[in-house]
Structures are given as C-alpha cells and as structure tokens.
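All residue numbers in this chain count up from 1 along the given sequence. Keep in mind that what you see is a predicted model, and the values were worked out from it rather than measured. All heavy atoms count here, side chains included; hydrogens, waters and symmetry mates do not.
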Amino acid sequence: LILTDYGFNLSAPREISINRDDKRKLSEIFSSIMITKLFLFAISLLIMSAIIFFFDRFRRDWVLYYLTFGMVLGQTMFPTWFFQGVENMKFITILNLLAKLIFTISIFIFVRKQTDYYFVPLLNSLGFIISGITAMWIIFFNFKIRFFIPDRKYVFNWFKNSLYIFISTLVAGIYVNLIPFITGVLTNVSTVGYYVAGEKIIRSIESLYFPLNSSLYPYIKREFHNSLDKGLKFLKKILLLVSIISLILVLVILSTSHLFVPFVLGKEFTKSIPVVRILSFLLLAKGIGHIFLIQTMLNIGADKYVFFIVVVSAILCIFSSIIFIPKFLYIGSAISAVIPEIFMMISSGFFVMKKFDILRKVKI
C-alpha cells in the first residue's frame, strides 16, 4: 500500500489544486500518476509473489495473501489525491463508507463457520475494488478527465519528484510500527499488550484530525500560490486553532484517563492508563507538527528537509526505544513514541519560523 501510494497523496494535490481549472493539465497529471501507480502495483505483486513462493510459511496460505492483495488494487485505483486536489472530499467520504458498508454487511451474510475465513479478505478487497471503480467512473464522467499516455519524461518527473515524500512516508510508517516490535523483542507479550491497547485509544482520537488535514492541504497550497502573505496569515490562524484544540484534548485525557481507560479496555488494563497519558502529548506534537511539516514545508517544496527530519526522528525512535523500554517497559514504549514526534514538531517549527518569521511578521 505504501509503495503503490508512493507519496502521491501528498505530492499530487499540490499540483492539482493550482491547475484545477485546466482540464488538459489535470488529465496529464491524472494519467501520469495512474501509469506510475499501475507500474508500482505490478512490482508489488511480483515482490509479494516471490516472498510467497520462496518461503514455505507463506506458501501454505498463498490464497489468503492474494485475496488480501485485492485491497492494494482497490487503493491503487482510488484517486484520493485527485479529490483532495480539487477540494471535493465528499467523494472520498462516500466511497470509503461504501467500501466499509459492503464489507460489513457481507461478513454477516457469508461468514457462517470457521472455514469461511477466506471470505474476510475477499469481501474486504471487493469493497475496495468496487469503491475504486466507482471513483474512476466519477472522475471520467463528472470531472471530464481523459486518460492518455503522456510523454515519458513527464511521467518520470512525477516518479522522481515524489521520491523524497515516498521515502519519508515509508520511514514514518516503519518507525511507528517499530515500537511494538522492539517492545516485544526486549520485554514480553503483556508489556506489548498494555502499550498497544493505550496506543489504539490515542490513535482513534488522532484520526479526528484527518478530515481537517486532508481538506486544508490543497487549500493552503493554492493560498501560497496566489499570495504568500495570505497563505501565511491563514496558516497562523489554523496553527492557533489546532494548538488550542490539541491542548484542551491533552488536558481532558490527563484528567479523565483513569475513568475511561478501564471502561473502554477493561479493568485488567489499568496499566495502560499511564501509556494513554503519555501518548496524549502526541495529539499536541502531531497536531502542531503536521501544520509545519506537511501543510507548510511540503506545500513550499521543502521535500528534502522533510525527509531529513523524518529520518532523524526514526533514528531517535530506535535509540530511545533501546534505552527506555528495558528500564520502564510499556511506559518506556510510550516515551519512545513521543520523543520523535516532539523532535519533528520542534525542528519543522524552527524551519518554518526561520524561513518566514511567521509569528512576528504576519498578524491575524
């Protein structure tokens, strides 16, 4: 999924937002990205096939892997980046809901006994594929986009220009999942359970930011393109709003986690309370950090600096995990998760403020 996305969900909306009224240009962008994504899909399929048939433990369940891989096909066809760029997010919401609805209803209809487990990945994949096909239909008929084979140099430029974003996304995806892995290696299953349970609560709350972030990204790019001062003024307002909301959320979680954590997870997960409290600072760090790192740095084309910040954050994550987890167990895992995000917030904030002097020059 990460490979076939290739960072286009962040690089493509930038260009689409400033060319949204040029059908020829939109068709060229759409065609180039889809060709690249289909090529990466084929590469992904070959890699997975090689892994399955060269290792016995994977070969035994080869049907399961291929049925699940249908999700990748569906996501490859689903142009989230296009709908973000034209600032028409309702299609993403409706079609994602359609995919989940098909999957959920079908589970109740088709899964009756243990041996029906093959239906789970099959139905999930079908939901994504139907959603992707519907999205294509909307783009061709509603937005009048035409698919054609563009010049190879233009396709290669998209491939090259999205490289830093792709690697940044890949590294970020790896180190987020690295903490439970390192925790399991250095401690035991119970410690992993206490950490992951608390993490799921915070990730659920964090997902509330997604609609805001997705809709703001192309809008801010367009504001920067039209007027740097207006873009910075809007950015400052959003920064203030996100900071206040995030701080309130952190304070609420710190003061009430002893009540809702046992209720949500069960009384046997009281050890997850300090995990939730520590991880609550992710809401503040990631909320503010996202404004600087994604909304600003990527929108002004500072992809290489974003890559550098993410890589250093990943290294910090590994070192802090090795230091804190053996000593503090699940609490150490939570600390190790917060440290790289705080670094990203501070370093990206320093970059933006130094470049634009945003806090002093621009008045709300």
Approximate separation, where rounding is to 0.5 Å, of [X] [atom1] and [Y] [atom2]:
X    : Y    : atom1 : atom2 : answer
Y154 : I149 : OH    : CD1   : 14.5 Å
I182 : S336 : CD1   : OG    : 8.0 Å
S168 : L293 : OG    : CG    : 8.0 Å
I138 : I145 : CD1   : CD1   : 13.0 Å
I300 : D303 : CD1   : CG    : 9.5 Å
H290 : M297 : NE2   : CE    : 13.0 Å

Considering non-hydrogen atoms only, spot the tightest contact between [X] and [Y] and give its length.
X    : Y    : result
S246 : L283 : OG-O, 3.4 Å
I288 : L239 : CG2-CD1, 3.9 Å
S321 : I179 : OG-CG1, 4.0 Å
F281 : L254 : CZ-CD1, 4.1 Å

Using a cut-off of 6.0 Å, state whether more than 12 heavy atoms not belonging to [X] lie near its atom [atom1].
X    : atom1 : answer
F39  : CZ    : no
K271 : NZ    : no
Y65  : OH    : yes
F53  : CZ    : yes
F319 : CZ    : no
K304 : NZ    : no
F350 : CZ    : no

Just by modelled atom types, is the [Y] backbone N or O under 3.5 Å from a matching donor or acceptor in the [X] side chain?
X    : Y    : result
S207 : S204 : yes
S131 : L95  : yes
N299 : Q295 : yes
S106 : F103 : no
N188 : T191 : yes
S125 : M71  : yes
D22  : K25  : yes
S320 : C317 : yes
S348 : M345 : yes

Hydrogens and angles aside, do [X] and [Y] bring a side-chain donor and acceptor to less than 3.5 Å of each other?
X    : Y    : value
N157 : N161 : no
T183 : S333 : yes
S27  : R146 : no

Membership question, hydrophobic clusters at under 4.5 Å side-chain separation (ILVMFWY): are [Y] and [X] in the same one?
X    : Y    : answer
W137 : W81  : yes
I139 : I94  : no
V189 : F328 : no
I35  : F156 : no
L1   : L73  : yes

Go through the steps for F140 and F30 under the test ring pair (Phe, Tyr, Trp, His ring centres under 6.0 Å), then give the verdict.
CA-CA 11 Å; F140 291 140; F30 176 81; 5.8 Å; yes
Evaluation steps, side chain to side chain contact (heavy atoms under 4.5 Å, CB included), between F128 and V72:
CA-CA 8 Å; F128 278 97; V72 181; over 6 Å; no
Taking the ring of [Y] and the ring of [X], is the distance between their centroids below 6.0 Å?
X    : Y    : answer
F91  : F78  : no
Y6   : F41  : no
Y194 : Y330 : yes
F351 : F292 : no

Which word best sums up how the rings of F143 and F83 line up, parallel for under 30°, tilted for 30 to 60°, or perpendicular for over 60°?
tilted
Is the NZ or CZ atom of R24 positioned over F148's six-membered ring, under 6.0 angstrom from the centre and within 45° of the axis?
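Satisfied, under 6.0 Å and within 45°.
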Could you please spell out the steps behind the side chain to side chain contact (heavy atoms under 4.5 Å, CB included) verdict for D116 and F110?
CA-CA 7 Å; D116 291 338; F110 294 104; over 6 Å; no
Going by the side chain to side chain contact (heavy atoms under 4.5 Å, CB included) test, name the single residue among I165, L10, L298, T169 that passes it with V306.
L298
Test side chain to side chain contact (heavy atoms under 4.5 Å, CB included), reference I33, set F82, F8, F159, output is F8
Tell me, with the steps shown, if E15 and W158 meet side chain to side chain contact (heavy atoms under 4.5 Å, CB included).
CA-CA 11 Å; E15 294 302 312; W158 269 106; 3.6 Å; yes
Start with the C-alpha gap between Y66 and M48, add the side-chain angles, then the distance that decides, and say whether side chain to side chain contact (heavy atoms under 4.5 Å, CB included) holds.
CA-CA 9 Å; Y66 281 106; M48 190 191 74; 3.7 Å; yes
